[in-house]
Amino acid sequence: MAPMSKYEFNSIEKKWQQYWAEHNTFAAQNESEKPKYYVLDMFPYPSGAGLHVGHPLGYIASDIYARYKRHKGFNVLHPMGYDSFGLPAEQYAIQTGQHPRKTTKENIARYRQQLDTIGFSFDWNREVRTSSPKYYRWTQWIFMQLFESWYDYNADKARPISELISIFSSEGNTSVNAACDAEVSDFSSEEWNGFSEEEKQQILLQYRLTYLAETEVNWCPALGTVLANDEIVNGVSERGGHPVVRKKMKQWSMRITAYAQRLLDGLDKIDWPQPLKDSQTNWIGRSEGASVTFNVKDYDASIEVFTTRPDTIFGVSFMTLAPEHPLVSKITTDAQKEKIEAYVEATAKRSERERMADVKTISGEFTGAYAEHPFTKEPIPIWIGDYVLASYGTGAVMAVPAGDQRDHDFARHFDIPIPDIFEGVDISEEAYADKDSTPLMNSDFLNGLSYNEAVNKAIEALEQQGAGKGKINYRLRDAVFSRQRYWGEPFPVYYKNGLPQLIDAKHLPLTLPEVSAYLPTEDGQPPLGRADKWAWDTEKNEVVENSKIDDEKVFPLELNTMPGWAGSSCYLFRYMDPNNEEQLAGEEALRYWQNVDLYLGGSEHATGHLLYSRFWTKFLYDRKVLPVDEPFKKLINQGMILGESAFVQKVSAVVRDENSSTEPFEVFVSSSLAEKANNKFSKPGVQEFEDAFSYIQMNLKRIKERKNVRDINMNNQVHSYSDISYVINNNELDIEGFKKWRSEFSNAEFITEKDGTFKVTREVEKMSKSKYNVVNPDDICEQYGADTLRMYEMFLGPIEQAKPWNTAGITGVHSFLKKLWKLYHGGENGSFQVSDDAADKESLKTLHKTIKKVEEDIENFSFNTSVSTFMIAVNELSAQNCNQREILEPLAILISPYAPHIAEELWEKLGHNGSISKVAFPKFEEKHLVESSKEYPISFNGKMRFTMELPLDMSKDDIEAAVMAHEKTEQYLEGRTPKRVIVVPGKIVNIVG
RNA sequence: GCUGAAGUGGUGGAAUUGGUAGACACGUUGGACUUAAAAUCCAAUGGCCAGAAAUGGCCGUGCGGGUUCAAGUCCCGCCUUCAGUACCA
């Protein structure tokens with residue numbers, strides 16, 4: 001019996017995955033005649049749950065693009081790695097006592113196996129793991145570079161700290177225009193040289209790009225760590241949703257604010273989605289205005305405010321300080337002290353979240369103190385109020401009730417005068433905040449001026465008085481860089497007399513010590529405080545036991561670790577030269593690969609990873625480590641794939657079961673009945689649930705089973721494949737199955753529909769283990785093959801769009817691949833058969849149409865439409881009985897980025913050695929498309945249409961003649977003379993009379 | 001509130017950027033093959049109307065206007081949804 005040739009995806013895929021691994025097919029060369037192209041995915045955090053079908057979406061898209069670029073003659077770098085430091089492994093370690101290193105390693109192994117199953121063309125020789133000392137050595141090294149640098153605004157770049165020291169010793173700091181802490185005071189070179197070494201270090205710390213400072217940080221008590229601003233969402237922690245409070249702590253920070261303007265400017269140079277650019281722009285939050293200084297009357301102090309409306313300075317009728325403002329306690333008069341203290345205390349108690357939720361209530365308190373207006377010298381009452389945020393600007397505002405709604409509300413609430421400063425505007429009810437040409441009045445030298453004129457003139461006058469100057473303010477804050485955690489990069493820092501010192505770079509990496517437990521210590525130290533061997537011996541240059549600390553040669557090491565974004569900020573450069581022991585990456589590799597040409601990942605990193613990564617890249621560019629100042633040239637956000645969850649509705653009131661004294665008796669209602677009952681809720685008497693009738697949604701489980709299926713096509717072989725079944729069948733709950741699964745509800749009552757069924761409710765939400773809506777790619781690969789999974793994920797819709805996963809449609813893509821296979825297997829019993837005859841015109845047309853469309857689609861990242869294009873092509877070629885090599889060879893190449901395994905197999909059967917991935921992309925030839933590409937916009941009445949084939953090279957006159965000669969023309973024109981004839985590319989002719 | 005994106009059949013989504021709206025796929029219906037099922041193949045499938053049929057007509061891309069020979073696409077005004085962000089002075 002002749003061997004049956006069926007599309008056996010499982011063995012084909014295994015075979016080629018093995019081939020690629022053995023032959024290192026996708027290894028990128030650091031030296032090449034070819035142009036380079038760098039395609040990168042955001043590397044995953046290897047979680048214990050493994051990959052679900054949503055994760056590979058972006059990887060598949062980038063893999064298609066990478067494979068396409070290889071066909072197009074590029075030397076493609078397409079690496080993958082793991083962002084393997086982080087919270088979940090640590091939480092798991094706390095619960096189980098297992099070392100995070102172990103779980104991380106296991107999770108990575110599982111991820112790798114899952115990734116391999118899908119057939120990605122990653123260059124695994126270049127794998128990077130952030131938790132590997134070989135890698136984090138360079139994270140530590142970059143930290144040290146930041147520590148050893150300061151930001152010079154005059155040169156607008158980072159410079160070595162040694163250059164700052166020499167400036168200080170020759171000129172002092174008065175000529176220095178640097179990014180530094182606010183409270184730096186002026187000193188001369190003589191003073192500098194007279195400072196002790198310790199004093200010098202203290203001062204330098206205020207200039208370093210990473211610095212240790214006592215700052216207000218976001219402390220999350222539940223997680224036991226501080227969080228950066230981007231790790232807080234709606235006042236609670238992004239991870240876990242725990243409350244966050246403000247707390248003063250000594251922490252490492254990154255002076256990212258020095259780069260605010262350059263981070264903003266750089267956005268113009270990169271090809272990123274507009275929403276993502278917008279959120280970075282908003283996050284940086286540049287606003288132009290002026291800083292104005294108000295002297296406090298009868299007290300030696302001044303209040304600096306930032307305002308975007310210096311033009312309204314004559315409308316100031318009070319000032320408001322944030323309750324946390326340091327001056328509050330100093331300037332408050334004795335008479336007001338009690339009230340002010342009570343108010344400050346009350347606001348401190350409220351969490352950030354409460355304050356944000358409650359924006360309607362106006363509250364505040366008068367301090368009893370007055371400031372002096374810089375021009376009129378009038379006294380201005382100083383208030384405190386929680387609508388002023390300590391963390392923005394200077395934590396103080398000059399209140400102009402006429403021009404700002406919040407000031408207006410505050411003034412009305414506390415009966416503070418509202419000076420009228422806009423001509424012809426009624427401000428009795430609300431403030432007038434428009435920046436337009438409305439002339440000012442009651443404003444002395446600004447009278448009659450419009451916004452634009454007045455702003456400039458006001459700033460000029462303020463500068464003359466020395467009471468203020470034009471200023472650009474940014475919302476962006478310096479990023480807190482310490483985390484009180486175990487599973488992260490240790491800082492290469494030890495402390496001498498409380499001052500941080502770097503260990504020498506040549507002794508890196510400083511590896512994470514072993515600890516007895518992964519929790520903070522009893523006295524509130526981070527977990528590294530539990531390490532017995534965590535001190536630095538400056539003579540031996542190695543880590544030694546804590547007991548040897550003598551504060552002369554042996555010093556304590558930093559106990560904090562770096563945050564999650566440390567490792568991900570520069571990993572892209574490490575891929576270029578991952579085994580370099582001397583440098584982050586060799587200069588030649590950096591010069592050759594430059595930066596990432598295409599980056600794929602989710603938009604959730606907009607203000608985190610993507611901003612920090614740009615910051616570090618710019619910094620390393622300044623310090624001449626990198627030849628580029630942007631990490632990612634083009635970025636595409638892939639949308640999330642959502643899962644479809646099923647719910648049952650449970651009545652929340654627990655009714656006692658009369659017959660059982662222990663078990664509560666629970667009632668479930670089907671969704672349609674629930675709706676009915678819900679509608680009747682207002683009327684009492686809905687059966688037994690009169691009060692407290694509401695529902696708790698419960699996610700339903702999918703049960704994975706293996707089924708043995710007799711397959712007649714496969715010679716009655718018994719196949720076993722995994723099948724996903726549910727406690728749900730077609731939206732109907734299997735009540736017995738459900739009771740079995742959740743035994744706690746075994747005696748629950750189910751109120752069913754009239755026909756005895758129990759309908760579930762459906763909802764689309766994020767895939768998550770706890771929601772039982774996760775679809776595992778392994779199952780799909782086993783049942784349909786990786787090529788089907790790859791094509792189906794692309795077919796689901798545009799790459800940027802969020803979309804629910806629906807396994808139902810997958811058969812369409814799968815049967816397409818079977819049809820493709822058949823195209824090459826038209827022989828007896830489905831044996832391989834292609835002919836060497838010349839292809840016919842129709843087939844050539846189909847082929848070239850497909851080449852053109854697929855190439856366009858890939859270039860536009862519209863992968864979903866090219867799957868359709870392939871389907872059409874294969875349908876057409878089947879109908880044409882096409883089996884010519886001339887067609888089938890290029891077709892295999894075309895499809896290989898999408899379905900690489902089947903393409904390799906066909907390529908081999910076509911008699912080629914070596915991987916299809918090395919072959920050039922087929923060239924499109926227009927001559928094969930018999931269609932006019934010319935368009936003659938003559939006219940069209942919308943109804944007269946007929947179709948005729950027109951050769952490509954026809955002249956305008958010929959086309960017109962042909963159209964006029966067509967039998968239908970006369971009929972359409974009904975005796976009228978045509979004004980114009982339109983020939984659309986294709987074959988539609990429109991005529992108008 | 002502000003910023004951004006988007007509204008097309010029963011469903012996911014196409015539409016060469018102003019030129020046959022609904023490609024392709026799912027689903028549904030009917031048919032072929034089969035003892036049967038699976039698999040496979042074929043046909044129909046936006047709505048309404050006329051016709052035995054081939055076919056023909058009208059309506060149709062969230063709503064209301066406008067530009068144009070021609071609008072899903074461009075302009076003006078609304079409505080809705082999603083995403084991000086928010087006492088930012």
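Protein chains get the first letters and strands the later ones, always in sequence-line order, with residue 1 at the start of each.
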Partner set under side chain to side chain donor-acceptor pair (under 3.5 Å) for A/Glu876, not counting sequence neighbours: A/Thr846, A/Lys849
Residue list, salt bridge (charged side-chain N to carboxylate O under 4.0 Å, His left out) with A/Asp857, at least two apart or on another chain: A/Lys853
Span that lies between the C1' atom of B/rA14 and that of B/rU20, in whole angstrom: 15 Å
Pairwise C1' distance for B/rA44 and B/rG22, with rounding to whole Å: 16 Å
Results of side chain to side chain donor-acceptor pair (under 3.5 Å) for A/Asn637 - residues two or more places apart only: none
Where at least one partner belongs to residues 307-323 of chain A, residue pairs that pass salt bridge (Lys or Arg N to Asp or Glu O under 4.0 Å), sequence neighbours excluded: A/Arg309-A/Asp311
Integer-rounded Å distance: B/rA86 P and A/Arg477 CZ: 14 Å
Nucleotide of B/rA14, B/rG4, B/rA89 approaching A/Leu389 most closely (side-chain heavy atoms): B/rA89
Euclidean distance, atom CD of residue A/Glu800 to atom P of B/rG84 [Å, nearest integer]: 17 Å
Sugar-phosphate, base or nothing in reach of A/Asn282, heavy atoms under 4.0 Å: nothing
Letter per nucleotide, 5' to 3', of nucleotides 24-30 of chain B [B base touched, S only sugar-phosphate touched, - untouched; heavy atoms, 4.0 Å]: BSS----
Atom-pair distance (NE2 on A/His408; C1' on B/rA89), nearest Å: 16 Å
Rounded distance in Å - CZ (A/Phe924) to P (B/rU16): 17 Å
side-chain hydrogen bond (donor to acceptor under 3.5 Å, both in side chains) partner of A/Thr788, chosen from A/Lys818, A/Glu793, A/His814: A/His814
Proximity to the side chain of A/Lys822 - top-ranked nucleotide from B/rG13, B/rU40, B/rG4: B/rU40
Atom-to-atom span, CD of A/Glu430 to C1' of B/rC87 - whole angstrom: 17 Å
Interatomic distance at C1', B/rG9 relative to B/rU61, whole Å: 10 Å
Gap in Å between the two C1' atoms, one belonging to B/rG30 and one to B/rU17, rounded: 40 Å
5′-ward residue of the pair A/Asn864/A/Arg309 relative to RNA chain B: A/Asn864
Whichever of A/Gln274 and A/Pro798 has its nearest RNA chain B nucleotide further upstream toward 5': A/Gln274
In B/rG9, glycosidic geometry as syn within 90° of 0 or anti otherwise: syn
For A/Asn10, all residues meeting side chain to side chain donor-acceptor pair (under 3.5 Å), sequence neighbours excluded: none
Sugar-phosphate, base or nothing in reach of A/Asn473, heavy atoms under 4.0 Å: nothing
Dot-bracket encoding per residue of RNA chain B, Watson-Crick/G-U cut-off under 3.5 Å, | denoting interstrand: (((((((..(((......[....)))((((((.......))))))(((((....)))))..(((((..]....))))))))))))....
Nearest-angstrom distance from the residue atom NZ of A/Lys277 to P of B/rA5: 13 Å
Side chains of A/Asp409 and A/Tyr387, donor plus acceptor under 3.5 Å: no
Residues in salt bridge (charged side-chain N to carboxylate O under 4.0 Å, His left out) contact with A/Glu925, at least two apart in sequence or another chain: A/Lys927
Phosphate contact (B/rC88 OP1 or OP2) by A/Arg406 side-chain N/O below 4.0 Å: yes
Spacing of the P atoms in B/rC75 and B/rG18 (rounded, Å): 11 Å
With A/Tyr898 via side chain to side chain donor-acceptor pair (under 3.5 Å) - residues at least two apart: A/Ser866
Between B/rC82 and B/rA23 - C1' atom distance, rounded Å: 26 Å
Span that lies between the P atom of B/rA53 and that of B/rC42, in whole angstrom: 26 Å
Nearest-nucleotide pick for A/Lys818, side chain only, options being B/rU40, B/rC87, B/rU3: B/rU40
Integer-rounded Å distance: B/rA89 P and A/Ile472 CD1: 14 Å
Any donor-acceptor N/O pair, A/Asn282 side chain to A/Gly285 backbone, under 3.5 Å: no
Sugar-phosphate, base or nothing in reach of A/Gln801, heavy atoms under 4.0 Å: sugar-phosphate
Nearest-angstrom distance, C1' atom, B/rG47 to B/rA21: 14 Å
More than 12 heavy atoms from other groups under 6.0 Å of CE on A/Met871: yes
Rounded interatomic separation in angstrom, taking CZ from A/Arg475 and P from B/rC87: 8 Å
